[in-house]
Amino acid sequence: ESSPHLPAPKDVMVYSYNFRSSLRWSPVKVDRGLVLYTVHFKTGAFNQWDEMNCTHITQTECSFPWSLKERRWTVVLRVRAELGQVTSDWVETDPFVAERNTTIGPPKVNSVTESSDSLLISVTPPFGSEAGDFLQYHVSYWENTTSTTKKAIKTSSTLFKIKSLKEWTLYCFEIQVELMTHSDLHLFGLQSIPECYRTKIS
C-alpha cells in the first residue's frame, strides 16, 4: 500500500539524446534505511503497466530497454520509492515519443582538407539511421574577420565541399543535422562547435 510517510520521487523526467533514452529523478531522502525505486512503463498500444529492467534499484536513473527502441511509440513511465514494505505514490511522466522528443546532437567532424578555394569536410551522423530516415546537414560558414556575414549550404552527403573561398583566409563553420522521417516530422539537432581552418595559397 502506498504510504503518506514516504515521499514520492520528484523531478521525474525522460532524458533522450540521439534516441538513447532514460528516466531520471531526484533521490528521496529519509532519516534511515535505503530507499529503492521501481520503474514501470506502458505504451500507447497497450494500456497496461509492465516492469522495466529497473525493479528495487538504488540508482535514480533507468535506461530504456531494447524493447522500447521504437522511435514512433508513445511511452508513459512511472516510478515510485520503496522503503522496506512501505511504498510512495507512483509518479507518471508525460507521454514520450522519441521521434519528437529526443535531442539530436551535432554530427562528428572526421576530417577537413584545405585547398586554396575550398574546404572538403567529412562528417559522421550523430546516430545510426533507420529505414525511411532522411538526414540533411545545414552548414553555416563565415570568414573569420570582424564582419561575420554567414553563408549557408545544405547537403545530404557526409562528404561535402565549402567552395568559392578566398585563398589563405581563415574560415569557420558549424553544422546542424535535420532529420526528416517517413511521417514528415522535421527534427533539428544541436549546432556543432565552430571549427576554423585556413585555406591554402594557390
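By convention here, the first residue in the shown sequence is residue 1. Computation of the quantities below employed the complete heavy-atom set of this structure, encompassing side-chain atoms and omitting hydrogens, waters and symmetry-equivalent molecules. The structure presented is a predicted model; accordingly, all values stated were derived computationally and were not measured.
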Are more than 12 heavy atoms from other residues, nucleotides or ligands located less than 6.0 Å from atom [atom1] of [X]?
{"X": "Arg198", "atom1": "CZ", "answer": "yes"}
{"X": "Lys42", "atom1": "NZ", "answer": "yes"}
{"X": "Leu34", "atom1": "CG", "answer": "yes"}
{"X": "Lys163", "atom1": "NZ", "answer": "no"}

Nearest atoms (heavy-atom pairs only) where [X] meets [Y]:
{"X": "Ser21", "Y": "Phe96", "answer": "OG-CZ, 3.7 Å"}
{"X": "Arg71", "Y": "Asp133", "answer": "NH1-OD2, 3.0 Å"}
{"X": "Ser116", "Y": "Thr199", "answer": "O-CB, 3.7 Å"}
{"X": "Phe188", "Y": "His138", "answer": "CE2-NE2, 3.8 Å"}
{"X": "Pro106", "Y": "Pro126", "answer": "O-CB, 3.6 Å"}
{"X": "Leu77", "Y": "Trp49", "answer": "C-CZ3, 3.9 Å"}

[X]-[Y] co-clustered via ILVMFWY side chain contacts under 4.5 Å:
{"X": "Trp73", "Y": "Leu23", "answer": "yes"}
{"X": "Val12", "Y": "Leu36", "answer": "no"}
{"X": "Val30", "Y": "Ile57", "answer": "yes"}
{"X": "Leu68", "Y": "Val76", "answer": "no"}
{"X": "Ile153", "Y": "Val123", "answer": "yes"}

Short question: side chain of [X], backbone of [Y] - any donor-acceptor pair under 3.5 Å?
{"X": "Glu82", "Y": "Thr87", "result": "no"}
{"X": "Tyr171", "Y": "Ser118", "result": "no"}
{"X": "Tyr37", "Y": "Val28", "result": "yes"}
{"X": "Ser192", "Y": "Ile175", "result": "yes"}
{"X": "Ser88", "Y": "Ala81", "result": "yes"}

With the side chain counted from C-beta on, respond yes when [X] and [Y] share a heavy-atom pair under 4.5 Å apart, and no when they do not.
{"X": "Leu179", "Y": "Ile104", "value": "yes"}
{"X": "Ser16", "Y": "Phe64", "value": "no"}
{"X": "Leu135", "Y": "Phe127", "value": "yes"}
{"X": "Thr38", "Y": "Val79", "value": "no"}
{"X": "Thr158", "Y": "Tyr137", "value": "yes"}
{"X": "Phe173", "Y": "Val109", "value": "yes"}
{"X": "His40", "Y": "Met52", "value": "no"}
{"X": "Glu174", "Y": "Pro194", "value": "yes"}

How far apart are the C-alpha atoms of Leu120 and Val112, what are their side-chain angles, what is the distance that settles it, and do they pass the side-chain contact (heavy atoms from CB on, under 4.5 Å) test?
-> CA-CA 6 Å; Leu120 178 67; Val112 178; over 6 Å; no

How far apart are the C-alpha atoms of Glu92 and Arg78, what are their side-chain angles, what is the distance that settles it, and do they pass the salt bridge (charged side-chain N to carboxylate O under 4.0 Å, His left out) test?
-> CA-CA 4 Å; Glu92 272 185 42; Arg78 68 179 187 178; 5.5 Å; no

Might you work through the side-chain contact (heavy atoms from CB on, under 4.5 Å) test for Ile162 and Val139, ending with a clear yes or no?
-> CA-CA 9 Å; Ile162 300 178; Val139 187; 4.0 Å; yes

Atom pair [atom1]/[atom2] of [X] and [Y] - distance to nearest 0.5 Å:
{"X": "Thr74", "Y": "Arg100", "atom1": "OG1", "atom2": "CZ", "answer": "7.0 Å"}
{"X": "Cys54", "Y": "Glu61", "atom1": "SG", "atom2": "CD", "answer": "9.0 Å"}
{"X": "Glu195", "Y": "Leu119", "atom1": "CD", "atom2": "CG", "answer": "10.5 Å"}
{"X": "His186", "Y": "Met180", "atom1": "NE2", "atom2": "CE", "answer": "6.0 Å"}
{"X": "Ile121", "Y": "Asn110", "atom1": "CD1", "atom2": "CG", "answer": "11.0 Å"}
{"X": "Leu187", "Y": "Thr103", "atom1": "CG", "atom2": "OG1", "answer": "9.0 Å"}

Thr169/Glu143 under side chain to side chain donor-acceptor pair (under 3.5 Å): CA gap, chis, key distance, verdict = CA-CA 7 Å; Thr169 304; Glu143 217 178 296; 5.2 Å; no

Please walk me through it: do Gln48 and Asp50 pass side-chain contact (heavy atoms from CB on, under 4.5 Å)?
-> CA-CA 7 Å; Gln48 67 179 50; Asp50 273 314; 4.1 Å; yes

Go through the steps for Asn53 and Cys62 under the test side-chain contact (heavy atoms from CB on, under 4.5 Å), then give the verdict.
-> CA-CA 8 Å; Asn53 44 4; Cys62 176; 3.8 Å; yes

